[in-house]
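First the structure, in the form of structure tokens, and then the observations on it.
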Amino acid sequence: MDAIALCPMTRELCHAFFQGFENDPALLPDPGQWTPYVYSREGADLYFDKQQRPDRLNLAVMRRGEPIGEVKLKAIDREKGECELGICMKNDCVKGKGYGRRAEELAVGYAIHVLGMTAVNADTLAGNLRSQHVLEKVGFRFVRAEGDFRYYRYEP
């Protein structure tokens with residue numbers, strides 16, 4: 001596996017991420033609603049602008065100088081010492097190779113050691129077994145199932 005790193009998501013990296021991005025039907029509550037993703041400069045700009053919030057940190061997952069995924073630390077609550085983890089990989093070419101697991105490990109380490117969080121929460125769709133498996137490998141423990149979602153928590 002090639003080494004990966006996390007870096008702040010910039011507008012330029014956001015565009016590079018979404019060029020070649022593919023929707024994953026496994027991530028939809030109703031896979032019958034799947035439609036192919038179509039890149040547009042305006043759409044990527046709108047997405048990037050919406051992510052710029054004080055309680056959120058968006059990081060590009062980088063491999064060989066190219067963004068292959070995005071990790072978000074969101075709902076950052078400095079008083080409670082908690083945040084939520086989200087991850088999205090660019091397409092099937094980079095899935096199943098350990099990049100997502102390594103990105104989650106790096107993001108959790110950043111949340112704990114740099115941001116000072118004492119817990120990181122995550123959720124997945126109940127049918128997204130791959131994501132659940134990765135969360136468990138990283139050290140998250142299953143908390144509960146509710147509706148279409150499964151909830152996890154990491155505490156060092």
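A quick note: this is a predicted structure, and the numbers were derived from the prediction, not measured.
Looking only at distances, a side-chain donor or acceptor of Gln132 sits under 3.5 Å from a matching main-chain atom of Ala126. Remark: the backbone N or O of Lys90 is not paired with any side-chain donor or acceptor of Lys95 at under 3.5 angstrom. For Gln52 (side chain) and Phe48 (main-chain N/O), a donor-acceptor pair under 3.5 Å exists by modelled atom type. Here the side chain of Asn91 pairs a donor or acceptor atom with the backbone of Gly20 at under 3.5 angstrom.
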Which side-chain N or O atoms in residues 108-118 pair as donor and acceptor under 3.5 Å with protein atoms at least two apart or in another chain?
| from | atom 1 | to | atom 2 | distance (Å) |
| --- | --- | --- | --- | --- |
| Thr118 | OG1 | Gly81 | O | 3.2 |

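Pairs of residues two or more places apart, or lying in two chains, never qualify as ring pair (Phe, Tyr, Trp, His ring centres under 6.0 Å) while including a residue from residues 66-85.
Taking NE2 of His133 as the start and NZ of Lys137 as the end, the distance is 4.5 Å to the nearest 0.5 Å. Remark: Met9 CE to Gln51 CD distance equals 9.0 Å, nearest 0.5 Å. Note that the CD atom of Glu136 and the CG atom of Leu129 stand 10.0 Å from one another [nearest 0.5 Å]. Atom OH of Tyr151 sits about 5.5 Å away from atom CZ of Arg144, to the nearest 0.5 Å. The structure places OH of Tyr47 at 7.0 Å from CZ of Phe17, a figure rounded to the nearest 0.5 Å. Annotation: the span from Leu135 atom CG to Arg101 atom CZ amounts to 12.5 Å, rounded to 0.5 Å.
Contact record, Ala60 with Leu13: CB-CD1, 4.0 Å, taken as the closest heavy-atom pair. Residues Asn23 and Tyr37 come closest through the heavy atom pair ND2-N, 3.5 Å. Of all non-hydrogen atoms in Ser40 and Gly43, the two that sit nearest each other are OG-N, 2.9 Å.
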Trace of the salt bridge (charged side-chain N to carboxylate O under 4.0 Å, His left out) decision for Arg153 with Glu82 | CA-CA 10 Å; Arg153 186 172 177 89; Glu82 294 185 10; 2.8 Å; yes
Check the pair Arg11, Asp49 against side-chain contact (heavy atoms from CB on, under 4.5 Å), reporting the backbone distance first and the verdict last.
-> CA-CA 9 Å; Arg11 188 175 301 275; Asp49 291 341; 2.5 Å; yes
Begin from the C-alpha positions of Tyr99 and Ile68 and carry the test side-chain contact (heavy atoms from CB on, under 4.5 Å) through to its verdict.
-> CA-CA 9 Å; Tyr99 301 130; Ile68 62 167; 3.8 Å; yes
Kindly indicate, with the supporting measurements, whether the criterion side-chain contact (heavy atoms from CB on, under 4.5 Å) is fulfilled by Leu73 and Glu84.
-> CA-CA 6 Å; Leu73 295 174; Glu84 297 174 13; over 6 Å; no
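Note: the hydrophobic cluster containing Met62 does not contain Leu106 (ILVMFWY, side chain heavy atoms under 4.5 Å, direct or indirect links). Residues Tyr154 and Ile76 share a single hydrophobic cluster, defined by chaining ILVMFWY side chains whose heavy atoms lie under 4.5 Å apart. Under the 4.5 Å side-chain heavy-atom criterion for grouping Ile, Leu, Val, Met, Phe, Trp and Tyr, Phe18 is not connected to Ile87 through any hydrophobic cluster. In terms of hydrophobic clustering, with Ile, Leu, Val, Met, Phe, Trp and Tyr side chains grouped at heavy-atom distances under 4.5 Å, Phe140 and Val134 are assigned to a common cluster. Cluster membership for Leu85 and Leu59, using ILVMFWY side-chain heavy atoms within less than 4.5 angstrom, is shared.
A salt bridge links Glu155 with Arg141: the distance from a Lys NZ or Arg NE/NH1/NH2 to an Asp or Glu carboxylate oxygen falls below 4.0 Å. Using a 4.0 Å cut-off between charged nitrogen and carboxylate oxygen, Glu105 and Arg102 count as a salt-bridge pair. For Lys97 and Asp92, the salt-bridge test fails: no basic side-chain N is under 4.0 Å from an acidic carboxylate O.
A 6.0 Å sphere centred on CD of Glu12 holds no more than 12 heavy atoms belonging to other residues, nucleotides or ligands.
Using a 4.5 Å cut-off on side-chain heavy atoms (C-beta onward), Glu66 and Arg64 make no contact. Between Arg63 and Val61, every side-chain heavy-atom pair lies at or beyond the 4.5 Å cut-off.
A side chain to side chain donor-acceptor pair (under 3.5 Å) with Asn58 is found for exactly one of Lys72, Lys74, Glu70, namely Glu70.
By the ring pair (Phe, Tyr, Trp, His ring centres under 6.0 Å) test, Phe142 pairs with Tyr152, sequence neighbours left out.
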